[in-house]
Number of protein chains: 2
Amino acid sequence: MNKATPAAEKTTYQNVKQSVLRRIRDRTWAPDTLIPNEVDLAREFGCSRSTVNRAMRELAEEGILDRKRKTGTRVNATPVRNAKFVIPLVRDEVEATGAAYRYALVSREVLQAPPWLRARLNLCEESRVLHLNCLHFANNAPFQFEDRWVNIMAVPTVEQADFSTLGPNEWLLSQVPFTDVELSFSANAADARLADFLALNPSEPVFTAERTTWLKDRPVTFARLSFGRGYRMTTRY
Amino acid sequence: MNKATPAAEKTTYQNVKQSVLRRIRDRTWAPDTLIPNEVDLAREFGCSRSTVNRAMRELAEEGILDRKRKTGTRVNATPVRNAKFVIPLVRDEVEATGAAYRYALVSREVLQAPPWLRARLNLCEESRVLHLNCLHFANNAPFQFEDRWVNIMAVPTVEQADFSTLGPNEWLLSQVPFTDVELSFSANAADARLADFLALNPSEPVFTAERTTWLKDRPVTFARLSFGRGYRMTTRY
DNA sequence: GATTCCTTTATGTCTGGACATAATAATTAT
DNA sequence: ATAATTATTATGTCCAGACATAAAGGAATC
């Protein structure tokens, strides 16, 4: 059944967002301009203040607007657009390309935390850690080399875990809660060992991601992930 | 004046978020578990459904929860935590380290879009583009080399712009609206020219960011940003 | 057995009103 | 003049209730 009178459609917060974005784009509201307050906008758009508020709040979260109490809302001159990177599991990343995923454990050892790791994770001298080296394949070609360190004190059960078939990343994600993550990307030259594992020429550039994870001030794990040739980390927003 | 009876504090949506997170961490609600519905939670926490809704909505946005109508809300087993990268202006990035920022224009030319760019931006054959090469310094050491292409059809005023003192990034941000961005990171070997500009050894690894910008299906600009030795892109969440 | 239709349920959103809070402006006391 | 106090204002949050909507399950029909 079709509506005879389509009229009286309600204004949604998404409508408001669109309208506001349009006005910013067409410079009705230029950068650094103070825009009308929520009450006025609500009247103009024919909706409640809560609806306007949600629209504006989200635009502020996205970095488009800058809001302050009493002062009002202004168009951000330098939209420090925050790029959202979805960091998937290696398995998902590989399978998303249609390739077959395979995992292999290269080495596994329990040892005293080396000094550089102690410094990085703020561990005490006698801390014991589990050190794993793993390889992740896409269609049998090396895709990612994982150099993983787990703080045994924070995750006692890790000593009993079997990492021969399930990667440490997947195991940790399902077993260990965490509150804080530091992630950093860089470009590095492959050393001999890494070149070997990833089938690269020595000193070829490697895209590296390093991730450190805490559970409330308590370091859980550090991982250095080195990606094979031609890897790109991409996002759209 | 101090309150004699502190009692009857209201439950805020932030309180709810904290409580829910705690329960997920201590495995009261294990991964993949279905958690109570909003009405029940509102009753339990002593607040309205809207308050619970906001808390849950935000946790879902953060990738912690997975919500579906009728089905309910469940704890995400593989928290595909989305890392938010704040991509700052080069100037801000340099000045944040306490270093002095300096900008230099290396070259500027108007030309027909080369084939690789036409393919990338989906431009027609006779499209004209402005091609800029710029260098950004931190304390007089090269920090970033910018290889910038601007679609003149989308930004006619760019031909008159003077890029000798202000970088194209800052100019574009303040002058040209955009709706979509594609950003990608990779590791590459420096070619001779790039090594020259960034004071690197030939074929040394370079961290590269490529950004393409559109205004509603209309390509605006493409930039390849190459960073100097030791650059790291870091985020915490 | 398969398809269509209806019911149920949990989330998604809007309303209009209320009070809280940060930040500025105006006023008063020092 | 300067400092302390008091409005004023726009955003931030909460509430109770209402209707919309997606999705699942069951019932009636083909």
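Numbered from 1 within each chain, the chains take letters A, B, ... in sequence-line order.
- The aromatic ring centres of A:Trp214 and A:Phe178 sit 6.0 Å or more apart.
- Screening B:Phe143, B:Tyr103, B:Tyr231 for a ring pair (Phe, Tyr, Trp, His ring centres under 6.0 Å) involving B:His136 leaves a single residue, B:Tyr103.
- The pair A:Glu44-A:Arg49 does not meet the salt-bridge criterion, since no charged nitrogen lies less than 4.0 angstrom from a carboxylate oxygen.
- The interatomic distance linking A:Arg43 (CZ) with C:dG16 (P) rounds to 13 Å, in whole Å.
- Annotation: cation-pi geometry satisfied between A:Arg54 and A:Tyr13 (NZ/CZ under 6.0 angstrom from ring centroid, within 45° of ring axis).
- Atom CZ of A:Phe145 is separated from atom CG of A:Asp147 by 5.5 Å, given to the nearest 0.5 angstrom.
- Here the CZ atom belonging to B:Arg118 is positioned 12.5 Å from the CG atom belonging to B:Asn151, to the nearest 0.5 angstrom.
- In the set C:dG12, C:dC14, D:dT11, the nucleotide with an atom closest to the side chain of A:Ser48 is C:dC14.
- Here the P atom of nucleotide C:dT8 and the CG atom of B:Asn37 are 17 Å apart, to the nearest Å.
- Atoms OG and CD, from A:Ser184 and A:Glu182 in turn, are 6.5 Å apart once rounded to the nearest 0.5 Å.
- Taking the six-membered ring for Trp and the full ring otherwise, the centers of A:Phe185 and A:Phe207 sit less than 6.0 Å from each other.
- Contact annotation: A:Thr51 reaches the phosphate of C:dT15 (side-chain N/O to OP1 or OP2, under 4.0 Å).
- Using modelled atom types and a 3.5 Å distance limit, the side chains of B:Thr221 and B:Arg148 yield a donor-acceptor pair.
- Atom CG of B:Leu65 is separated from atom C1' of C:dT11 by 13 Å (rounded to the nearest Å).
- With rounding to whole Å, B:Asp66 atom CG is found 10 Å from C:dG12 atom P.
- When the local axes at the two ends of the helix from C:dG1-D:dC30 to C:dT30-D:dA1 are compared, using 5 base pairs at each end, they differ in direction by 0° after rounding to 10°.
- Here A:Arg67 does not pair with A:Glu61 in a salt bridge; the nearest charged N to carboxylate O distance is not below 4.0 Å.
- We find that CD of A:Glu38 is positioned 14 Å from P of C:dC14, with the value rounded to whole Å.
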Quiz prompt | Base-contact (B) and sugar-phosphate-only (S) positions in nucleotides 17-25 of chain C, heavy-atom cut-off under 4.0 Å, - elsewhere | solution = -B--BBBB-
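- Rounded to a whole Å, the CE atom of A:Met56 is 10 Å from the C1' atom of D:dT11.
- A salt bridge links A:Glu210 to B:Arg232: at least one charged side-chain nitrogen sits closer than 4.0 Å to a carboxylate oxygen.
- DNA chain D is contacted by B:Thr11, B:Thr12, B:Tyr13 of residues 11-24 of chain B, taking any non-hydrogen atom closer than 4.0 Å.
- Residue B:Arg54 contributes atom CZ, which lies 17 Å from atom C1' of C:dT11 at whole-angstrom precision.
- Residue B:Arg67 contributes atom CZ, which lies 14 Å from atom P of D:dA23 at whole-angstrom precision.
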